Amino acid sequence: METPTLGGGDARSTSGPLVGAALRAPLVDRRGRVARKVRISLTDRCNFACLFCMPSKGKVHWLPRQELLSFDEVERLTRVLVSMGVRKVRLTGGEPLLRPKVEELVGRLTRIPGLEEVDMTTNAWFLAEKASALRAAGLHGVTVSLHSLRRDRFHQIAGMDALPRVLEGIEAARREGLTPLKVNSVAIRGYNEDEVLDLVEFARERDIALRFIEFMPLDGRGTWDPEKVVSGHDLRARIGSRYELLPRGRGDGETAQRWGFEDGKGEVGLITPITEPFCDDCDRIRLTADGQFLTCLFDRALHDLRAPLRAGATDEELAETVRACYDRKPPGVQYLGDLRKTWVKPRAMHAIGG
Ligand code: SAM
Ligand code: SF4
């Protein structure tokens, strides 16, 4: 019998339902962690320059455009990953809305049989103008990064005087019904930790889920310092000083410990990779904009999928490469040991895809 394969319009692959041999064994690493979600970076470029992400001005080297995966290539690799049990895609970057006609890719991905959800993380600069097309293409949720509600401070943190436009983007996403709608905030000591309660209030007024993320040593400027990390414990104390927090727990494979409020309005999630890592049931993998497979944010190794893809590898061969790399997924943050001394990050956050 002929072996069904996967992919869009390519002789080596099919775009049909995932049946027979096309449904491969799940992607499981040697610690028993099963991959269910992939974060796909669409570009390393960004129109912002957040100080916890991007190298300083003049020190950024963007990938040449021909090195980025085409939409055909992103779709093909996604189909292979879905055949191995991946169920959710999050499009990220750099800034994913910088990719022209990104809604076309969203439409193609949402039509992949077996894929349950396509979401996006964005800085929202282009969200107001894109929200309707993204919704029409089938995008589920949007997570918008918002690190300050003060215009001058937002400018200082993001390197762009963008707060009004970001707020418009959030409203547009709400109007269009992009769900779940979340706001991400990286809390950094000395920059914005005094705004924790303001951000909580902002999210509660709009019934939006807010996520605080601990600052990770993935910044392009090498300024990360444990002293700058506002811990989940600290965040809980700050929020708890005004509200009674009701624990909602952390779902399997989820990054955020979630907390509700007595009046049921809004939700806050604390993502604590540094002080309370959640690597034991991690179900995420990553694909960079130039087709490098990353098993963990804190993996030292990037595994090239673009070269075999462009050299004509079959879906089966790509799947086997992914499986072999995934098996060696490192245990997680704890593997870094002394973060400051021993770890050499492969790339900064904008080039990995957060
Ligand atoms: N440009 C989009 C945005 O800002 O939402 C998507 C890419 S960005 C790299 C994805 C997420 O990573 C954002 O929420 C951002 O705040 C977060 N991030 C970037 N650098 C980080 C760091 N060093 N530590 C923790 N989170 C970081
Ligand atoms: Fe750009 Fe997002 Fe990085 Fe900020 S966090 S510089 S918006 S990629």
Side-chain angles (χ1 to χ4, degrees), residues 39-57 59-60 62-63 89-99 102 119-127 130 141-148 154-163 165-166 169-170 173 178 181-189 191-193 199 208-226 228-232 235 255-256 269-275 277-278 284 286-289 294 297-298 333 336 339 343 345-354:
R39 294 185 184 225
I40 302 179
S41 170
L42 297 182
T43 175
D44 60 329
R45 287 171 197 247
C46 190
N47 50 334
F48 288 15
C50 298
L51 50 86
F52 45 78
C53 176
M54 199 65 80
S56 34
K57 234 179 171 180
K59 296 205 171 151
V60 193
W62 306 123
L63 289 166
V89 166
R90 177 167 293 278
L91 298 175
T92 181
E95 176 44 43
L97 293 179
L98 285 179
R99 266 309 272 265
V102 66
D119 303 281
M120 182 180 283
T121 301
T122 173
N123 66 24
W125 180 260
F126 294 110
L127 191 53
K130 283 283 187 183
V142 164
T143 300
V144 173
S145 299
L146 176 68
H147 314 291
S148 174
F154 187 103
H155 191 169
Q156 187 195 8
I157 294 174
M160 184 87 145
D161 182 15
L163 181 63
R165 209 163 147 151
V166 169
I170 292 173
L178 288 163
L181 173 59
K182 296 184 206 159
V183 164
N184 268 359
S185 216
V186 181
I188 306 182
R189 178 104 41 226
Y191 284 89
N192 59 355
E193 85 267 35
L199 285 160
I208 290 174
L210 172 66
R211 301 281 184 255
F212 285 109
I213 312 174
E214 286 179 349
F215 182 21
M216 291 183 271
L218 293 159
D219 59 313
R221 299 179 199 182
T223 58
W224 183 88
D225 185 308
K228 290 190 181 147
V229 177
V230 182
S231 69
L235 290 161
T255 52
L270 305 178
I271 303 179
T272 56
I274 304 301
T275 63
F278 36 77
R284 285 170 306 287
R286 291 181 150 77
L287 190 61
T288 67
L294 202 61
L297 257 186
F298 297 99
V333 183
L336 300 180
L339 285 169
W343 187 50
K345 60 177 170 266
R347 295 178 176 188
M349 196 65 136
H350 74 99
I352 296 174

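These numbers were taken from a predicted model, which means no experiment stands behind them. Remember, it's 1-based here, ligands and their atoms both numbered in the order they're listed. Starting from 1, each residue takes its place in the sequence as its number.
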Near T92 (heavy-atom distance under 4.0 Å), the atoms of ligand 1 are 6 (C), 7 (C)
Looking at non-hydrogen atoms alone, which of C50, P96, C46 comes nearest to atom 4 (Fe) of ligand 2? C50
Under 4.0 Å to a heavy atom of N123 - the qualifying atoms of ligand 1, by number: 2 (C), 3 (C), 5 (O)
Close-contact set for ligand 2 against G94 heavy atoms, below 4.0 Å: 8 (S)
Heavy-atom check, side chain of S41 versus side chain of R286, under 4.5 Å: no
Can you sort out which atoms of ligand 1 are near F215, meaning under 4.0 Å from one of its heavy atoms? 23 (N), 24 (N)
May I ask you to check whether R90 and T143 show a side-chain donor-acceptor distance below 3.5 Å? yes
Residue pair E214 / T275, side-chain donor-acceptor N/O under 3.5 Å: yes
What protein heavy atom is closest to atom 19 (C) of ligand 1, reported as residue, atom name and distance in Å? M349 CG, 3.3 Å
Taking atom 13 (C) of ligand 1 as the reference point, the nearest protein heavy atom with its distance: S145 OG, 3.2 Å
To which protein heavy atom is atom 17 (C) of ligand 1 closest, and what is the distance rounded to 0.1 Å? V186 CG2, 4.2 Å
Would you mind listing which atoms of ligand 1 come within a distance below 4.0 Å of any non-hydrogen atom of G93? 7 (C), 9 (C)
Here the atoms of ligand 1 under 4.0 Å from any heavy atom belonging to N184 are 14 (O)
Rounded to the nearest 0.5 Å, how far apart are CZ of F212 and CG of L199? 5.0 Å
Apply side chain to side chain contact (heavy atoms under 4.5 Å, CB included) to L163 and D161, showing your working. CA-CA 6 Å; L163 181 63; D161 182 15; 5.6 Å; no
N/O of E95 under 3.5 Å from N/O of ligand 1, yes or no? yes
T121, any N or O under 3.5 Å of ligand 1 N or O: no
Would you say the side chain of W125 lies within less than 4.5 Å of the side chain of L127, judging by non-hydrogen atoms? no
Is it the side chain, the backbone, both or neither of H147 that has a heavy atom closer than 4.0 Å to ligand 1? side chain
Under 4.0 angstrom from ligand 1, any heavy atom of G94? yes
In this structure, CG of L270 is separated from CZ of F278 (nearest 0.5 Å) by 11.0 Å
Side chain to side chain, V186 and M216, heavy atoms closer than 4.5 Å: no
What atoms in ligand 1 come closer than 4.0 Å to a heavy atom of T122? 2 (C), 3 (C), 5 (O)
With a 4.5 Å cut-off on side-chain heavy atoms, are L297 and M349 touching? yes
Are any of the N/O atoms in F52 less than 3.5 Å from those in ligand 1? yes
Would you confirm whether T92, through its side chain, and I40, through its main-chain N or O, come within 3.5 Å as a donor-acceptor pair? no
Nearest heavy atoms of H147 and F154, plus distance in Å: N-CE1, 4.3 Å
Are any of the N/O atoms in M216 less than 3.5 Å from those in ligand 1? yes
Among protein heavy atoms, which sits nearest to atom 3 (Fe) of ligand 2, and what does the distance come to when rounded to 0.1 Å? C53 SG, 2.4 Å
Is it possible for you to check whether R221 lies under 6.0 Å from the centre of the six-membered ring of F52, through NZ or CZ, and within 45° of that ring's axis? no
Close-contact set for ligand 2 against M54 heavy atoms, below 4.0 Å: 6 (S)
Can you list the ligand 2 atoms lying under 4.0 Å from a non-hydrogen atom of N123? 7 (S)
